[in-house]
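Report on one structure; see the data block that follows.
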Amino acid sequence: MDTVYFNGPVQNGDFSFAERPGKAVGIRIAEALNGLLGLAPVPHLWNTVTLAGDVRHRGAADRDTVGREQREARALAAKYAPGPVPGSGLLTDSGPAVVSLALEMIQGLLADGTLAIRETAVRLCVRCGHMTGTGASERCRSCGNGVTRGAHRALLVFDRAEHRPVLERADFHGAGARTPVHLLNVAYNVPRRLVLSRTRDHGICLAPLGLEGMVLDPRAGLHIAVLAAAAERGAGQPVMAVMTVTENAAANVAAYGAPFRRHGTTRLRYALHGRVPYDAAANARLYEVHRAEAVRELFTGWYLPLCAARERSGVSAARLPGLLKFLRRVYLARPATPRGEVLAELRHQAAVGDMSWVMDARALACALADRETEIGPTGSEGGAGS
């Protein structure tokens, strides 16, 4: 089964990669590991199905002339400014391929009893009709109104079988990595019934299932976006689609993705990663002191994300000088071409998610040589967030 890495869809919020490069860590990890595996670049994945996006669109002065899809597309292009959108393209969680696959999967899961449509007691905002939840009355997050009313509404639900985990060790990708027990516990303790339909202005419309005015919960839609991208890449071949996510993101989405981690010959797993201290890494003095200006882009755009994939709790700012010195030393000693047997072992490690090679001088030198063979001289590459 071939392994392909994809970033966990990034929420299309109010930021750009130039201002907040940490948002690009998952994208950079996927690009680096796919490059090492000899794979062509994959599209960058984006989460556009958000209540905040609905609210922004409704409050925009040009809402009557600029549609929601167009607004999302403009915001995505601005994320990469002043550079262009990557040649590998973008895929959102509301794109046509994702919508088509979502409806296909949901219909299959309804047929086999994994999902169901059930009448459920809910609370609706008396002003805008937004569903505020299935429990106690809450202030409407869509319009801010504080008054809700009780109602019954058909919802798409996932009823977890008793004692059946919605997340297991096998759902995580990373040979030799510790089992994220706390995440398994978080997923195990989610409600027995998970509601997978939401009232949104934008998303995967569930009207074909009889759920008028509702869309698929974006936490489920994120998984389907990865499966759709993998299906396009795999062309029917068995694919292990690995989604790079932080532990916090995994805790928020994993339970809702339980029915959507497998489709046909494609299996989805999570590759956990930590955060990168980009504010500290942007300090020019760091590179002056260590005479490492030549590897600055390599360090921030390639090596630090890979370190974050190895150190899932995050890379501390205190470690930056040591990591920079290590990379510079290995870079200066790298071979002109990678040795075949070392590259083969390195690719095996990348495929199974073993990130120990990141701190192995011999393996890292091989990865640097292979990277330059593919993209040209180190330091000339840009990439998301550079």
Side-chain angles (χ1 to χ4, degrees), residues 5 7 17-33 35-36 173-178 180 244-248 271-336 338-339 342-343 345-347 349-350 352-372 375 377-386:
Y5 289 89
N7 68 281
F17 284 135
E19 299 163 347
R20 296 173 66 184
K23 291 286 189 180
V25 170
I27 291 174
R28 287 170 162 177
I29 292 171
E31 288 178 344
L33 292 176
L36 185 56
H173 192 68
R178 63 174 175 80
T244 62
V245 289
T246 62
E247 293 195 356
N248 182 60
L272 300 178
H273 69 82
R275 300 184 183 279
V276 172
Y278 273 115
D279 286 345
N283 186 347
R285 182 65 177 159
L286 176 68
Y287 305 95
E288 294 172 8
V289 168
H290 299 291
R291 294 179 293 174
E293 190 61 44
V295 297
R296 180 170 181 166
E297 293 297 325
L298 177 68
F299 184 63
T300 58
W302 184 81
Y303 189 59
L304 280 180
L306 289 172
C307 289
R310 178 179 181 272
E311 302 179 24
R312 302 187 310 191
S313 61
V315 179
S316 70
R319 292 207 60 211
L320 293 181
L323 293 172
L324 179 59
K325 286 189 287 185
F326 179 67
L327 175 65
R328 179 178 178 273
R329 185 173 71 250
V330 175
Y331 173 69
L332 292 175
R334 73 197 185 283
R339 292 177 56 184
V342 179
L343 183 58
E345 173 58 24
L346 186 56
R347 285 179 170 169
Q349 289 180 287
V352 300
D354 179 356
M355 298 302 297
S356 61
W357 64 270
V358 171
M359 294 305 296
D360 181 320
R362 179 169 172 262
L364 181 59
C366 177
L368 290 169
D370 179 64
R371 182 176 183 274
E372 290 200 353
I375 69 167
T378 301
S380 63
E381 185 196 19
S386 293

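All values below come from the heavy atoms of this structure, side chains included, with hydrogens, waters and symmetry mates left out. All figures in this text were calculated on a predicted structure; none of them were measured in a lab.
- Here the side chains of Val295 and Tyr287 are not in contact, with every heavy-atom distance at 4.5 Å or above.
- Counting only residues at least two apart or in different chains, salt bridge (charged side-chain N to carboxylate O under 4.0 Å, His left out) contacts with residues 300-317 comprise Glu311-Arg319.
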Pair Val358-Leu364, side chain to side chain contact (heavy atoms under 4.5 Å, CB included): steps then yes or no: CA-CA 6 Å; Val358 171; Leu364 181 59; 5.7 Å; no
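- Residue pairs meeting the salt bridge (charged side-chain N to carboxylate O under 4.0 Å, His left out) criterion with at least one member in residues 353-365: none, sequence neighbours excluded.
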Exercise answer: donor-acceptor pairs, residues 320-327 side-chain atoms, under 3.5 Å, sequence neighbours excluded:
none

Trace of the side chain to side chain contact (heavy atoms under 4.5 Å, CB included) decision for Ser356 with Gln349: CA-CA 8 Å; Ser356 61; Gln349 289 180 287; 3.4 Å; yes
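- Residues forming a side chain to side chain contact (heavy atoms under 4.5 Å, CB included) with Ala367 (at least two apart in sequence, or on another chain): Leu36, Trp302, Leu346, Trp357.
- Residues Pro335 and Ala365 share a closest heavy-atom pair of CD-O, 3.7 Å.
- One finds the NE2 atom of His173 at 3.5 Å from the OH atom of Tyr5 (value rounded to the nearest 0.5 Å).
- Listed by chain and residue number, Glu247 satisfy the salt bridge (Lys or Arg N to Asp or Glu O under 4.0 Å) test with Arg178 (two or more places apart in sequence, or in another chain).
- The shortest non-hydrogen separation linking Ala309 to Ile29 is CB-CD1, 4.0 Å.
- Note that OG1 of Thr244 is 8.0 Å distant from CD1 of Ile27, once rounded to the nearest 0.5 Å.
- A cation-pi arrangement is found for Arg334 relative to Tyr331, the charged atom lying closer than 6.0 Å to the ring centre and inside a 45° cone about the ring normal.
- Residues that satisfy the side chain to side chain contact (heavy atoms under 4.5 Å, CB included) test with Glu19, not counting sequence neighbours, are Ser16.
- In this structure, Asn7 and Val25 have side chains that are not in contact, with every pair of non-hydrogen atoms separated by 4.5 Å or more.
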Can you give me every donor-acceptor pair (side chain of residues 271-283, partner residue at least two apart or in another chain, under 3.5 Å) with its distance?
from   : atom 1 : to     : atom 2 : distance (Å)
Tyr278 : OH     : Arg28  : NH1    : 2.6
Tyr278 : OH     : Thr300 : O      : 2.7
Asn283 : OD1    : Arg285 : N      : 2.9

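- Interatomic distance, Met359 CE to Leu306 CG, rounded to the nearest 0.5 Å: 12.0 Å.
- Partners of Ala336 by side chain to side chain contact (heavy atoms under 4.5 Å, CB included), not counting sequence neighbours: none found.
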